[in-house]
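To start, the structure itself, in structure tokens.
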Amino acid sequence: SEMPAPTIDEITLADEPGAWEAMGFAVTGDSCRLGDVTIRLTGKGSERGILSWSLRDLQDVELDGLPTSVSTRPPQPLGAEHPNGVLGIDHVVAMSPDFGRSVARIQEAGLDLRRVREVPTPAGAPRQAFFRLGREVLELVEEPEEIVARAGGPDRPVRFWGLALVAADLDRTVATLGEHVSDIREAVQPGRHIATVRRSAGLAVAVALMSPDERAEDR
């Protein structure tokens, strides 16, 4: 019998629950439901950003250095739309200093590689690989050569970079968040739009907001 495909249970962020609440997310205690994923907000310690995640039905936790644990918790119901209009996570972004190595290791761990995009992003990342995790996607971004050189060479592990979230009505969400969000621009995906949450929002992780994917049946 085929193994069920891996899915995300929780993502742990070194960030303050109050910072997320102030940006219009519904937060209960130290957690926030984004679609079918639980975001755990542990407060700003010495660490910043995405600390780790837990995945169900994983064959191997060795995701080329991404801090990963196995979850046995069954899939949870979808969270409600947030007051700011966010529905859930579109993709989790990670950066690799050695793209070929990382893609191979993440595939070996049982993640489903859907495609590799060989066109540089607006930010200059040469290639991106997309792994499907249930409703969400892991987008693995190749670090540009100058960043690899500056950051200490290709032997480093993959690191989490940020989250792209889906808003039911991107215009409304961007209007709600005001000066803390960039202008809306066309996304790399055809027919979709994207805006970036600015540092002034006070979140400890890079966050982008996207319009829904009209082509995805399950959204």
Side-chain angles (χ1 to χ4, degrees), residues 8-35 37-55 61-69 71 79 82 84 86 88-99 102 105-106 121-125 128-129 131 133 136-144 146-167 173 177-182 194-210:
I8 307 172
D9 179 18
E10 286 197 2
I11 299 175
T12 302
L13 302 184
D15 208 354
E16 297 297 336
W20 283 68
E21 217 158 20
M23 283 294 287
F25 292 95
V27 179
T28 309
D30 70 346
S31 75
C32 169
R33 294 277 303 156
L34 287 176
V37 175
T38 298
I39 300 289
R40 193 72 60 199
L41 299 160
T42 61
K44 277 187 185 168
S46 54
E47 306 271 357
R48 280 285 179 277
I50 302 174
L51 298 182
S52 62
W53 65 356
S54 64
L55 303 180
V61 294
E62 211 23 83
L63 297 183
D64 203 27
L66 280 183
T68 304
S69 61
S71 169
H82 288 265
N84 60 16
V86 168
I89 298 172
D90 189 81
H91 56 275
V92 178
V93 182
M95 302 277 277
S96 168
D98 184 334
F99 190 74
S102 298
R105 289 199 182 158
I106 292 170
T121 63
Q128 309 96 56
F131 298 88
L133 286 159
E136 295 78 32
V137 167
L138 169 63
E139 178 181 335
L140 182 74
V141 176
E142 181 175 31
E143 275 183 0
E146 59 275 17
I147 292 182
V148 174
R150 205 167 58 221
D155 295 337
R156 292 166 297 119
V158 175
R159 60 195 170 92
F160 284 116
W161 170 253
L163 298 171
L165 309 181
V166 179
T173 295
L177 299 177
E179 62 185 16
H180 295 308
V181 185
S182 75
I194 191 166
T196 321
V197 176
R198 294 195 166 119
R199 286 178 184 269
S200 63
L203 301 185
V205 60
V207 173
L209 302 165
M210 299 190 73

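All heavy atoms count here, side chains included; hydrogens, waters and symmetry mates do not. Bear in mind the structure is a predicted one, so any value in this text is a computation, not a measurement. Residues: numbered from 1 along the sequence shown.
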Are [X] and [Y] side-chain neighbours, meaning at least one heavy-atom pair lies under 4.5 Å?
X      : Y      : value
Met95  : Glu142 : no
Ile50  : Thr12  : no
Leu203 : Leu13  : no
Leu34  : His82  : yes
Trp53  : Ser69  : no

Distance from [X] atom [atom1] to [Y] atom [atom2], nearest 0.5 Å?
X      : Y      : atom1 : atom2 : answer
Asp90  : Leu165 : CG    : CG    : 8.5 Å
Ser52  : Glu47  : OG    : CD    : 10.0 Å
Asp64  : Phe99  : CG    : CZ    : 11.5 Å
Leu140 : Gln128 : CG    : CD    : 9.5 Å
Ile8   : Leu138 : CD1   : CG    : 7.5 Å
Arg105 : Asp98  : CZ    : CG    : 8.0 Å

Closer than 3.5 angstrom, by distance alone: can the side chain of [X] be matched with the main-chain N or O of [Y] as a donor-acceptor pair?
X      : Y      : value
Arg198 : Val181 : yes
Arg48  : Ala14  : no
Asp30  : Thr42  : no
Ser182 : Thr196 : yes
Glu16  : Lys44  : yes

Could you tell me which non-hydrogen atom of [X] sits nearest to which non-hydrogen atom of [Y], and how far apart they are?
X      : Y     : answer
Gly153 : Pro97 : O-CB, 3.9 Å
Gly202 : Ala19 : O-CB, 3.9 Å
Cys32  : Val27 : CB-CG2, 4.4 Å

Carefully, step by step, assess Val137 and Phe131 under the rule side-chain contact (heavy atoms from CB on, under 4.5 Å). CA-CA 5 Å; Val137 167; Phe131 298 88; 5.8 Å; no
Is there a side chain to side chain donor-acceptor pair (under 3.5 Å) between Ser102 and Ser96? Walk through the geometry before answering. CA-CA 7 Å; Ser102 298; Ser96 168; 2.6 Å; yes
Students often mix this up, so state it plainly: with edges at 30° and 60°, are the rings of Trp20 and Phe25 parallel, tilted or perpendicular?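 Trp20 vs Phe25 ring planes: tilted.
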I would like to know whether Val86 and Leu209 meet side-chain contact (heavy atoms from CB on, under 4.5 Å); could you show each step before the answer? CA-CA 8 Å; Val86 168; Leu209 302 165; 4.0 Å; yes
Would you sort out whether Leu55 and Leu63 count as a side-chain contact (heavy atoms from CB on, under 4.5 Å), showing the intermediate values? CA-CA 11 Å; Leu55 303 180; Leu63 297 183; 4.0 Å; yes
Set out, in order, the CA-CA distance, both residues' side-chain angles and the distance that settles salt bridge (charged side-chain N to carboxylate O under 4.0 Å, His left out) for Arg33 and Glu10, then state yes or no. CA-CA 9 Å; Arg33 294 277 303 156; Glu10 286 197 2; over 6 Å; no
In sequence, state the C-alpha distance, the side-chain angles, and the governing distance for Arg156 and Glu143, and then conclude on salt bridge (charged side-chain N to carboxylate O under 4.0 Å, His left out). CA-CA 11 Å; Arg156 292 166 297 119; Glu143 275 183 0; 2.7 Å; yes
Worked verdict on Arg150 versus Val148 for side-chain contact (heavy atoms from CB on, under 4.5 Å): CA-CA 6 Å; Arg150 205 167 58 221; Val148 174; over 6 Å; no
